[in-house]
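Position 1 is the first residue of the sequence; numbering continues from there. Remember, it's a predicted structure, so these values are computed and weren't measured experimentally.
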Amino acid sequence: MIEERRERADAARNRRAILRATEELLARHRPEQISMEQVAAAAGVGKGTVFHRFGSRMGLMVALMQERAYALEETVASGPPPLGPGAPPEERLTAFLDAIVDVVGRNKGLLAALGHAATATPRPEWKEQSRHQDGGDHAPGSRDGHPVYRFWHGHTSTLIAASRPDLDGELLAHILLGSLQSEPVLRLLERGEASRLAASLRVMAAGMLASPAST
């Protein structure tokens, strides 16, 4: 029993080390430029350990994105405002967009791989949630069907609707989040200009949620 607990602790420690090393490499390289050998060397583990835990490079990228997204989801659900409950929807949306930029900025290029990552097995509760949000599953390989994007889009559209029920929150959320996957934005993140992106998203969100002019 003691040996079994030790093995579980070692496995958890290796997982954290591998994900941390992957994130550090992603700060300098795109996903397609990173090999499993590089990750193993940076994490201080054998290449076989990385393959055993994650299966492939895409499996590793998916795991990292989901790990970061899980943490963000938990903060949104129960963390302090404005990211968590208790703040006006306008403030929550700004905080949420800032948090997404932070995740993407620390993992450059990871969002660009989101469409490919859609083939990964989603977390069960997210899969169930995505079925209920619009009455059906999206096609495999669709960016919109990936649980990370589904959560980001669902929360963004909910906040837009709470602030401006007269707007098409679902479409506007796609427009806001879709802009993060463009090549110019990816190059901007590679230059370390995440704060510029966050500021521009705040301007877009503020203009979107501004009360319509009286006629």
Please check this pair: side chain of [X] against backbone of [Y], looking for a donor-acceptor N/O pair closer than 3.5 Å.
| X | Y | result |
| --- | --- | --- |
| Q38 | S35 | yes |
| S182 | G178 | no |
| R16 | A11 | no |
| S179 | L176 | yes |
| T49 | V45 | no |

Within-4.5 Å side-chain heavy-atom neighbours: [X] and [Y]:
| X | Y | result |
| --- | --- | --- |
| F54 | V39 | no |
| L159 | E90 | no |
| T156 | H153 | no |
| M204 | L97 | no |
| E67 | R15 | yes |
| L172 | R164 | no |
| R92 | L83 | no |
| L72 | I100 | yes |

Minimum heavy-atom distance between [X] and [Y], given as atom pair plus value:
| X | Y | value |
| --- | --- | --- |
| A77 | P85 | O-CG, 3.4 Å |
| W152 | F96 | O-CE2, 3.6 Å |
| A43 | A17 | CB-O, 3.6 Å |
| I160 | G169 | CG2-CA, 3.7 Å |

Task: Chi angles and distances behind the side chain to side chain contact (heavy atoms under 4.5 Å, CB included) call for E193, R187 - done: CA-CA 9 Å; E193 298 185 58; R187 289 198 297 269; over 6 Å; no
TODO: Could you walk me through whether L188 and R191 pass the side chain to side chain contact (heavy atoms under 4.5 Å, CB included) test, one step at a time?
DONE: CA-CA 5 Å; L188 182 145; R191 296 196 300 268; 4.1 Å; yes
Could you grab the distance from atom [atom1] of [X] to atom [atom2] of [Y], nearest 0.5 Å is fine?
| X | Y | atom1 | atom2 | answer |
| --- | --- | --- | --- | --- |
| E37 | F51 | CD | CZ | 5.5 Å |
| I175 | D168 | CD1 | CG | 8.0 Å |
| L60 | L25 | CG | CG | 9.5 Å |

TODO: Look at the aromatic rings of Y149 and H174 and report parallel, tilted or perpendicular, splitting at 30° and 60°.
DONE: parallel
Open item on the list: Does either side chain, that of E170 or that of S157, offer a donor lying less than 3.5 Å from an acceptor on the other one?
Closed with: no
TODO: Evaluate the criterion side chain to side chain contact (heavy atoms under 4.5 Å, CB included) for residue pair L93 and H155; output intermediate values, then yes/no.
DONE: CA-CA 9 Å; L93 179 59; H155 188 57; over 6 Å; no
Task: Pairing of R57 and E32 as salt bridge, 4.0 angstrom limit - done: no
